[in-house]
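Reckoned from all heavy atoms, side chains included, excluding hydrogens, waters and symmetry mates.
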Amino acid sequence: MAESGVKLEESWKQALAPQFADPYMAELRRFLTAEKEAGKRIFPKGSEYFRALDLTPISNVKVVILGQDPYHGAGQAHGLCFSVRPGVRIPPSLVNIYKEMQTDLGIPPAHHGFLEHWAKQGVLLLNSVLTVEEGRAAAHQGRGWERFTDAVIRVVNDECQHVVFMLWGSYAQKKAAFVDQRRHLVLKAPHPSPLSAHNGFFGSRHFSKANAYLISNGRDPVDWQLPDNPGLDA
């Protein structure tokens with residue numbers, strides 16, 4: 001993205017170069033520029049569009065968790081799916097994720113919703129759409145981001161080994177349907193939203209299953225316990 005402030009970690013920049021050169025990305029850039037010039041507030045800020053990729057280089061990816069859109073309230077989205085900044089109220093789906101972690105691993109729920117600790121260990125917290133307009137959920141769907149994030153998943157599928165894909169809900173499961181299950185572990189469950197978590201997300205034990213798989217393939221497990229006082233990196 002040519003927009004000022006946008007940055008991208010080097011391994012992803014190289015792997016995704018064909019996407020940035022494609023006309024659809026130029027069209028997406030034009031759309032975002034026009035939206036901002038029209039006075040609309042776009043979340044997250046430009047420097048955080050690719051925060052999930054910046055914190056999790058390709059060689060570090062152990063787990064992929066897919067979301068759909070960024071949160072559209074002020075101060076919430078910062079580039080990682082399900083995550084919010086310190087001090088922001090924990091969203092309902094993340095409350096349920098914490099409940100399942102407690103049942104599965106005995107980890108007490110964190111008092112914040114800031115998930116960068118996971119990302120820095122190799123958990124790719126990827127939304128399908130990377131921007132949204134304030135107060136308008138899904139406002140940027142169908143503008144090109146889905147094609148870009150499909151390419152991100154394809155890079156992980158093709159270039160990494162022994163990655164755990166946690167696919168929560170039908171949207172995520174369809175988006176990553178092409179993942180090679182001979183090379184990776186695909187875990188499926190209903191979405192952790194309060195509307196569906198009781199239909200099988202609770203009790204899915206994805207966190208312990210992910211760590212068991214990583215260990216069995218010679219990879220370090222993820223420390224899912226979040227620090228009490230998360231630092232907020234620039």
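Shortest non-hydrogen contact noted between Lys62 and Val222 is CD-CG2, 4.4 Å. Between Gln102 and Pro109, the closest heavy-atom pair is OE1-CD, 3.3 Å. Summarising the geometry of His111 relative to Ile90, their closest heavy-atom pair is C-CD1, 3.9 Å, with the distance given to 0.1 Å. Nearest heavy atom pair, residue Asn96 against residue Ser193, reads ND2-C, 3.8 Å. Across Pro44 and His78, no two heavy atoms sit closer than the pair CB-CA, 3.9 Å. Scanning all heavy atoms of the two residues, the minimum distance from Phe82 to Gly67 falls at CE1-CA, 4.4 Å.
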Pair Asp104-Lys209, salt bridge (charged side-chain N to carboxylate O under 4.0 Å, His left out): steps then yes or no:
CA-CA 9 Å; Asp104 188 10; Lys209 289 175 181 176; over 6 Å; no
Please assess Arg136 against Glu133 for the test salt bridge (charged side-chain N to carboxylate O under 4.0 Å, His left out), listing each intermediate value before the final yes or no.
CA-CA 6 Å; Arg136 292 189 61 218; Glu133 180 186 339; 2.9 Å; yes
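Considering only heavy atoms from C-beta on, Leu187 comes within 4.5 Å of Val164 through its side chain. At a threshold of 4.5 Å between non-hydrogen side-chain atoms, the residues Thr131 and Phe31 do not count as touching. Between Phe20 and Lys13 there is no side-chain heavy-atom pair separated by less than 4.5 Å. Using a 4.5 Å heavy-atom cutoff, the side chains of Met101 and Gln225 are not in contact. In this structure, Leu53 and Val152 have side chains that are in contact, with non-hydrogen atoms separated by less than 4.5 Å. For the pair Glu116 and Leu55, the minimum side-chain heavy-atom distance is below 4.5 Å. Within the 4.5 Å cutoff, no side-chain heavy atoms of Cys81 are placed close to those of Leu66. When side chains are defined from C-beta on, Phe202 does not count as touching Thr103, because their heavy atoms never get closer than 4.5 Å.
Judged purely by atom type and a 3.5 angstrom limit, Trp168 has no side-chain atom pairing as donor or acceptor with the backbone of Lys188. With hydrogens and angles disregarded, no donor-acceptor distance shorter than 3.5 Å links the side chain of His117 to the backbone of Pro227. A distance-only check finds a donor-acceptor pair linking the side chain of Glu100 to the backbone of Gly203 [under 3.5 Å]. At distances below 3.5 Å, not a single donor-acceptor pair connects side-chain atoms of Asn199 with backbone N or O atoms of Pro190. Under a 3.5 Å cut-off, the side chain of Gln121 and the backbone N or O of Asp223 do form a donor-acceptor pair. Not one N or O on the side chain of Asn211 forms a donor-acceptor pair closer than 3.5 Å with the backbone of Pro221. In this structure a side-chain-to-backbone donor-acceptor pair under 3.5 Å is missing from Arg154 to Val179.
With 3.5 Å as the limit, one finds no donor-acceptor pair spanning the side chains of Thr33 and Glu35. Remark: the Ser128 side chain and the Trp145 side chain contain no N/O donor-acceptor pair separated by less than 3.5 Å. For His191 and Ser196, the side-chain atoms include no donor-acceptor pair closer than 3.5 Å. Side-chain N/O atoms of Thr149 and Lys175 include a donor and acceptor closer than 3.5 Å. Side-chain atoms of Asp69 and Gln141 form a donor-acceptor pair, as typed in the model, at a separation below 3.5 Å.
The six-membered or imidazole ring of His184 lies near that of Phe165, with a centre-to-centre distance under 6.0 Å. In this structure, Phe50 has its ring center at least 6.0 angstrom away from the ring center of Trp12. The aromatic ring centres of Phe148 and Tyr24 sit 6.0 Å or more apart.
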